[in-house]
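Keep in mind that what you see is a predicted model, and the values were worked out from it rather than measured. Just so you know, these numbers use all the heavy atoms, side chains as well, and skip hydrogens, waters and symmetry mates. Below, read A as the first sequence line, B as the second, and so on, with proteins coming before strands; counting in each chain starts at 1.
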Amino acid sequence: MMKPLFAGTLLFLLAAIAPAADAIPDRPEKLEFPVLKYEPPRAVDHRVVLKSGPVAYVVPDRELPLVNLVIYVRTGQYNEPTGKEGLASLTGSLLARGGIKSKSAEELEERLAFLAAGLNASGGDTQATVSLNLLSKDLDEGLALLREALTAPRLQEDKLALFKQQSLQAMKQRNDDSADIEQRERRYLAYGENFWVNRHPTQASIESITRADIETFHRRWFHPKNFVVAASGDFDRAAMVAKLEKLFDSWPFQGEPARPVPSDKQFASPGIYFVDKDVNQGRVSLLLPGIRRDDPDYYAVEVMNDILGGGGFTSRIMNRVRSDEGLAYSAGTGFPGGVYYPLSFVAVFQSKSGTVAYATSLVVEEMQKIAVTPVTAEELETTKKSFIETFPGSFATKAQVAGALAQEEFTGRHAKTPEHFKSYRAKIAAVTAADVQRVAKKFLTPEKVVILVVGQKEAILKGHPNHPVKIESLAPRVVDVPLRDPLTMKAQPR
Amino acid sequence: MNRQFCISTLSVLLLAAAFVPALRAQKVPVTEHFLPNGLKVLLLERHDAPDVAGGWVAKVGSANERPGITGIAHLFEHMMFKGTPTIGTKDFKKDMEIIAAQERVREQMREEEAKLRAAWRRGEIDDPQKPENRTPRLRELGKEFQQLVEEQRKILVKNEFDRIYTAGGGSQMNAYTSYDVTAYFITVPANKLELFMWMESERILRPIFREFYAERDVVFEERRMRTDSTPTGKFAEAFESLFWESHPYSWPIIGWPSDISAITREQADDFYATYYAPQNLTLILVGDFDTKRTLALVEKYFGRIPKGKKPAPDVVTLEVAQNAEKRMNAEAETNPQVDILWHTVAFGHADSYSLSVLAQLLSTRTGRLYKNLVLGPQVSTETWAWQGSRKWAGQFNIGGECRDGRKPEEVEQAIYAELDKLKNEDVPAAELQKVKNNFAAGEYRRLANNHAILQQLMRAEGAGDWREVNDGGPRLQAVTAADVRRVANKYFTKENRAVAIFTRKAGAVTGDPDFAGLSDQQKPIARKVIAALKTDTNLAALKTRAQQLEEQLVKAETKTQPFLKLLRKKTQERIAELEKK
């Protein structure tokens with residue numbers, strides 16, 4: 001049954017909640033709350049350097065009879081050779097779904113399904129993951145299957161053909177949904193045609209991928225030195241460490257050390273970039289060059305972004321564009337710090353064609369305003385409290401604890417800033433209104449703004465009878481972006 | 001353990017091993033309480049993380065609406081975030097005066113809007129909602145209303161309800177409206193439980209529907225985003241509407257466009273009085289708290305909400321028995337696919353468990369659809385199957401995307417072939433056990449965190465009874481092969497189904513470079529012509545037209561060339577097709 005793991009917290013609350021007989025105040029600020037003490041998880045409590053190579057974070061959790069194991073692998077799309085785009089993803093699919101030495105793909109699937117176990121693998125952009133989730137009674141069998149998937153995958157040709165076919169067919173839908181078009185073109189504008197994130201699988205690249213390519217990719221990158229492990233669930237810590245040592249012991253092939261992720265991106269020239277698409281709602285993205293998460297301005301930027309548009313209903317852009325004017329259902333901004341290269345700032349919303357121009361002008365106005373006038377004390381407090389008080393939520397389950405610590409290790413922050421979680425709230429608390437204004441001025445530079453619009457160009461240019469603003473007035477030039485051929489990703493002739 | 005199966009020794013061992021979790025399957029130890037005003041309270045203590053996931057459901061969804069106010073349940077969900085007398089405004093008295101004045105203007109605007117609808121019926125205007133078609137009086141009133149909005153904005157405290165929770169460390173604050181229920185939820189740090197009590201009881205006790213009319217516009221944008229501008233949104237809406245004949249499930253949750261823009265504040269007030277009375281609500285808390293203390297707080301805060309005058313009315317309209325197969329042919333910007341619906345049973349019906357097991361037999365990578373439609377004869381690339389047990393009625397859905405070169409009708413027939421097997425042969429014991437093992441393991445996986453448990457309780461309570469969270473598992477385990485076969489025969493008949501065939505819209509074909517060169521005016525014309533070509537069998541006339549297009553092309557301006565080239569190409573393709581036959 002469920003065991004109270006934070007019994008201390010409960011007792012503390014029992015003592016602190018005011019008696020229920022008091023009158024109900026007219027405003028919630030008049031309520032008094034007990035102090036909630038919270039200490040984030042520490043790497044040192046869970047980190048194990050395995051003799052077999054990987055660093056593992058091992059977090060027992062006896063509440064439910066389940067075990068969750070995730071192996072993060074230092075590879076991904078950035079390692080795909082030119083002309084073999086799609087290789088990382090196909091490798092992931094085939095490791096888990098292409099059979100193993102002792103079992104055909106079909107036998108493996110059936111066995112896993114009978115055990116209600118999940119064995120999954122995927123090749124992402126800068127990391128691949130292989131994971132196992134199962135009932136703790138089946139742990140040993142599951143680990144044996146996992147070891148085989150990692151060291152002796154069968155990579156069945158028929159499954160490769162199937163996944164290639166599915167991939168080709170999915171490609172055909174690339175221009176169907178305006179949201180997909182927007183997301184794709186946003187990355188072209190923010191990082192450049194030649195940056196690795198914009199090398200998409202094409203018909204030619206998928207067709208060229210062979211079993212030998214997958215085998216090479218697998219043996220090159222999937223070895224214990226490139227692994228970081230997160231384990232949580234129903235096990236004894238020492239016993240789990242022993243099982244992990246066995247899992248990674250005597251690897252049958254030597255791989256290469258991980259390569260650094262390239263960061264040679266290029267941001268587009270300022271302008272309004274139009275993709276003409278016949279839908280009755282325009283999708284808009286406003287882009288600016290961003291930062292890395294180890295930027296000294298990172299915390300001030302996070303606070304600034306939250307006030308501007310990151311904080312949902314509490315943010316300025318949501319208030320202006322949605323609540324005041326009813327121009328959009330969703331509207332907001334993101335300013336994530338990149339791990340390996342600066343990630344762009346983006347403001348997004350969707351509005352009916354006639355009001356796209358007006359709503360865009362409101363967003364630009366808010367971006368300018370926050371750089372000119374200091375944010376209010378109340379805004380600053382609200383945002384800082386939100387970051388600080390929701391912080392424990394990042395570690396609500398033991399799987400989250402193991403995963404978050406493993407990510408710190410994987411992305412190198414543990415090595416550089418091991419006290420990151422411990423110091424996080426104090427760093428947020430230290431951000432001042434002047435900091436917010438300074439970073440807004442530094443990063444929200446209207447002269448660099450790139451605006452992407454996907455929608456009915458003609459109707460959007462026409463605007464709305466109630467709002468005289470023209471979208472062309474918001475940037476120095478209008479650029480037509482032709483739809484890309486979904487199978488080649490080359491621009492289609494107009 | 002079920003002993004009626006005739007199985008091999010090996011399987012017996014496997015079953016024995018696999019069944020351990022089901023035997024000690026964990027009940028979710030929820031306690032149920034009622035306040036004197038009728039409010040139902042569900043509490044579940046869990047001390048894993050220092051937070052509380054809290055929410056409440058109003059047992060009202062789009063099924064409780066009627067034509068003319070479709071979408072009101074959902075619009076209401078939006079309005080519940082607009083504040084209270086003390087939250088959301090600096091001057092409550094003035095705020096109320098402005099809201100009253102706004103209503104007076106709106107009353108006159110509605111008269112004008114009725115005139116526009118009349119003009120539209122006579123064919124004098126193309127769209128009563130277009131701003132260009134407004135009457136002069138309506139424009140004037142619009143300006144007047146806008147002034148009142150500006151005046152109100154001066155005393156508004158924007159989204160204050162959200163801001164207070166945000167500053168209090170609230171997260172995952174949201175709400176949803178379904179056909180059956182409206183649910184509101186948030187996670188707060190454990191020490192802010194009383195903040196939750198204050199905020200939620202206040203907004204139930206005295207909500208103020210500020211910015212009502214701007215919010216209707218927001219909902220319109222939500223509709224454009226979810227329904228109008230997605231590749232299949234409009235068609236999915238039309239298909240549901242086609243499927244349900246008499247039942248209120250036939251209109252979309254978000255409402256018909258004409259209704260969204262016609263809903264009045266007064267209707268919203270009536271709706272609130274009927275469906276947001278405490279006897280129609282259930283409050284649910286999951287997390288790090290003490291049940292006894294928390295109950296005292298609940299009584300203090302929620303006990304002050306007066307009981308409603310009368311119970312919310314039942315939905316009395318039953319779906320009529322369907323007496324003919326229905327088919328819809330849609331041309332959409334999507335890969336070709338088929339989607340099939342059958343009328344089945346509502347939440348809690350004994351057959352719903354057998355149907356859920358049947359759905360699971362068809363689903364997943366080791367399920368029958370994937371094996372026999374995707375892996376085997378390769379007619380499909382992706383398939384799905386599920387039983388949807390809603391509160392008032394249910395539906396079963398199966399569908400699949402065509403593999404390149406295969407037709408939706410082929411996928412459809414392959415689906416029927418799988419259903420025929422289920423109708424004619426008992427499911428092998430090991431296959432049934434595999435499905436049950438997954439349901440049993442799911443009993444644990446769903447307990448991952450407070451928020452996930454809250455969501456399940458809200459969903460089950462909204463559909464009829466939170467106890468399903470504990471009772472559903474054993475009922476699924478009790479399903480037999482005979483049950484599966486019986487429900488397969490009972491529900492999967494031709495007369496009981498509706499079929500949607502999706503083909504790719506001509507001209508929307510991706511990778512068709514000719515089409516990308518057309519202007520906005522040319523595209524729809526080209527689509528129409530290409531669509532007409534498909535059924536044109538007059539070979540001689542087609543050849544003449546191809547010749548004419550050839551001649552036109554020589555003289556054509558640059559702008560019209562891609563258009564003519566496309567028509568020529570498509571005409572030639574059709575000629576070739578006919579000649580092959």
Residue part contacting chain B, namely of [X], when any heavy atom lies under 4.5 Å:
X	value
A/A328	backbone
A/K384	neither
A/Q165	side chain
A/E378	side chain
A/A179	neither

Does any heavy atom of chain A fall under 4.5 Å from the side chain of [X], the backbone, both, or neither of them?
X	answer
B/Q146	neither
B/E222	both
B/F196	neither

Heavy-atom pair count under 4.5 Å with chain B, highest-scoring of [options]:
options	answer
A/I388, A/N280, A/T383, A/T397	A/N280
A/T355, A/D158, A/N133, A/V321	A/N133
A/D177, A/V279, A/N319	A/N319
A/P465, A/S315, A/A116, A/G455	A/A116

Salt bridge present between [X] and [Y] (N-O < 4.0 angstrom):
X	Y	value
B/E221	B/R216	no
B/K292	B/D290	no
B/R504	A/D176	yes
B/R210	B/E160	no

A/E389-A/S386 side chain donor-acceptor pair, cut-off 3.5 Å:
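Per modelled atom types, A/E389 and A/S386 side chains form no pair under 3.5 Å.
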
In terms of side-chain heavy atoms, does B/R406 have a donor or acceptor partner in B/S380 at a distance below 3.5 Å?
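Looking only at side-chain atoms, B/S380 and B/R406 do not form any donor-acceptor pair under 3.5 Å.
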
Can you see whether A/F114 has B/K434 sitting over its ring - NZ or CZ less than 6.0 Å from the centre and within 45° of the normal?
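No, a cation-pi geometry is absent between B/K434 and A/F114.
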
Proximity of B/F161 and B/Y165 rings by center, below 6.0 Å:
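Yes, the ring of B/F161 comes within the 6.0 Å limit of the ring of B/Y165, centre to centre.
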
Between [options], who has the most heavy-atom pairs with chain A when the cutoff is under 4.5 Å?
options	value
B/R304, B/H451, B/Q378, B/M199	B/R304
B/M225, B/M197, B/R403	B/R403
B/F81, B/F439, B/Y370, B/F220	B/Y370
B/T334, B/V374, B/T364	B/T334
B/A214, B/S229, B/G442	B/S229

Are any of the side-chain heavy atoms of A/L134 and A/E141 separated by less than 4.5 Å?
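A/L134 vs A/E141: side chains apart.
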
Is B/K371 close to A/E106 at the side-chain level, that is, under 4.5 Å between some pair of heavy atoms?
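Counting from C-beta outward, A/E106 and B/K371 never come under 4.5 Å.
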
